[in-house]
Amino acid sequence: MAALPKRIIKETERLAKEPVPGISAVPHEDNLRYFDVSIHGPQTSPYEGRDGTVKHTHVHLSNVHVGGIFKLELFLPDDYPMTPPKIRFLTKIYHPNIDKLGRICLDVLKSNWSPALQIRTILLSIQALLGAPNPDDPLAPDVAKRWKEDQEGAIATAKEWTRTHAMT
Amino acid sequence: MPPAGHRPLDPSLPPSTEVDNDDRAPYTPGSSSSLSSSSLYKHLRTPSTSSLNIRHPVDLRAITYDGAVDENLVCPICRCPLVDPVLTECDHIFCRACITDALSNTKLCPIDRSPLDSDGVSRAPKMVHNQLDSLKAKCPCCASSFARSMLENHVEKYCPEANVKCPGIYSEKYCKEVVKRRMSGRGCLHYPVECPDCKETLLLVEMEEHREASCNEKLKACEHCGVNILRCKESEHHEECPDVIRPCNWAEYGCQHEAKRTDLHLHADECSFKLVGPMADTLKKEIKLLRSDMRSLAETNHLQERRIKFLESAQRASDRPMELMDLSLANLPESANTEPLDSGHEYLLSLLESQQSRLSQLSNELTDFQGKNTMMLLNETIPIKNELSELRSTQQVTCMHVRWLMRFRMQENQRRFGGSPGPGPSGSPDGGGSSSDLPFSRRLSDSAPRDIITKL
Ligand SMILES: [Zn+2]
Ligand SMILES: [Zn+2]
Ligand SMILES: [Zn+2]
Ligand SMILES: [Zn+2]
Ligand SMILES: [Zn+2]
Ligand SMILES: [Zn+2]
Ligand SMILES: [Zn+2]
């Protein structure tokens, strides 16, 4: 295997030194292009994993995050950063832009990728996507349909899924 | 066999048989490895070291920079300080290689996504290049810091830890291996020797590292302090080992006391030489100083003696030509010689005076000579000038003749062809005649030849 490009080393170092709040990305020891990622569900979103009645001030009382934590896998292809990283949700999630296999519909991961983007910016975009689902550009049509027709019901399901899958 | 284009062999290089066979002493243990092998090769002189240099392209993205690099000098694509920076139409800056690579995928600026292709990319301003060139970075081989632009030169020509060709490439052995530059002065080290510690056989070039790192027998307990030390660094350790028996500081002035290095300070207070010792030391230093002063004084003295001798001989040599030239002033040194001179100083002064008068005499003569020369030159040139004016008048006469002949010829032609109607020339003979104040030469050189040409 070719030597790891300086850019990947630098990104990894920075992710460890100045982590993005609510996001962690750790490379595998045996394959430094493969990352274990976890993203905390954004506050006030259905993926936060808490009851809406609970005050948010409690969330940061301890260092341990008690809300929904979503696991993802991230792989940097050989021609990264010329091609985007490959990212997939491992935790089951009820979201109109994420399908059953965990694939994500996000323009910056496909046509709108730019080599100036980084792992951290991409993960931030995914976190933002959790806070703002976009049923008009769906990847999971059934979820998107329900999201449009019965938003309250869909959000309830999303909360339910978060509790069962993202809080163990 | 060496290749056709190789450098001529250094004549001081011994025949390779000497290196290869008989003369190769077995690797001797003891002392430090560098010492024993340098003495092995002291008779060897390698070809000029620059001929061993290897091209060493330095990957500017793989090196470590000193301190944090200004974010504005970092490429947004490779996240390294820019390499060969270019500026886009939309005022974004990238490495040339990075943006070329990116544009081969999408024709958009990676930062603002405005349409962009390779024509919209030009070399970044000189200032950016200068800033990047002066960034300090660590040498990938020896880890010392240099300006980034100097790194490649350093690695290629000077870095002690960088690889160079084995000097054996210029011997008949034609060794094609590489060695670290700091080891290249010892001839080809690519032959097997036995490690003095573990008896394993390996190349001499690897021995230093082997004995310091991978050798199974590299460590031994110091015979004095019992601490585990590297065998090859034993003598270095003994220089600082706390348990080595050392003589008293004032041993050279007569103290017989000996103690472990750590305990020596206990003796310092009770040593009977503790008062005499420092004094003797200062005296020794002073004597050394005086000796060196004396030596430099002797040298100065010697130099001055030589100078006086030189001046004397110069004086003797200068007396003779003056007599020959029979100058009135030439007898000055003579008269000076008749006076008893008690000091060399006065003598030199008189010498100087006589030389000065000779000099002025010479410059006078030179002026005379110049005057004579000028006269001679004038005398020579006047006849030439006369001759020249004579020639000029002859030429004018000839010109007149030619002109007369031409006109005569033209009139004859006109008569013969019944006055052909040439536009200008038909009236020219009379017109030319009327403007007779024009010099002949001009009439001839200007219009006459042209007239002839148009006529013929
Ligand atoms: Zn770059
Ligand atoms: Zn741009
Ligand atoms: Zn170096
Ligand atoms: Zn060699
Ligand atoms: Zn050994
Ligand atoms: Zn010791
Ligand atoms: Zn003593």
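Just so it is clear: chains get the letters A, B, ... in the order the sequence lines come, proteins before strands, and each one is counted from 1.
Ion pairing between a basic and an acidic side chain is recognised when a charged N comes within 4.0 Å of a carboxylate O; B:Arg96 and B:Asp84 show such pairing.
In this structure, the portion of B:Ile63 lying under 4.5 Å from any heavy atom of chain A is its backbone and not its side chain. For chain B, the nearby part of A:Leu117 is the side chain; its heavy atoms alone come within less than 4.5 Å. With a 4.5 angstrom heavy-atom cutoff, B:Ala62 touches chain A only via backbone atoms. Heavy-atom distances place both the backbone and the side chain of B:Asp101 under 4.5 Å from chain A. For A:Glu11, no part lies near chain B; criterion is any non-hydrogen pair under 4.5 Å. When heavy atoms are compared at a cutoff of 4.5 Å, A:Asp79 does not approach chain B at all.
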Show the numbers, then the answer: is there a side chain to side chain contact (heavy atoms under 4.5 Å, CB included) between B:Cys80 and B:Tyr65? CA-CA 10 Å; B:Cys80 295; B:Tyr65 289 81; 5.7 Å; no
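Nearest heavy atoms, B:Arg181 versus B:Val155: NH1-O, 3.4 Å.
Outside the 6.0 Å centre-distance limit, the rings of A:His40 and A:Tyr47 are not counted as a close aromatic pair.
Between A:Phe89 and A:Phe70, the ring planes lie perpendicular to each other; the angle is over 60°, past the 30° to 60° tilted range.
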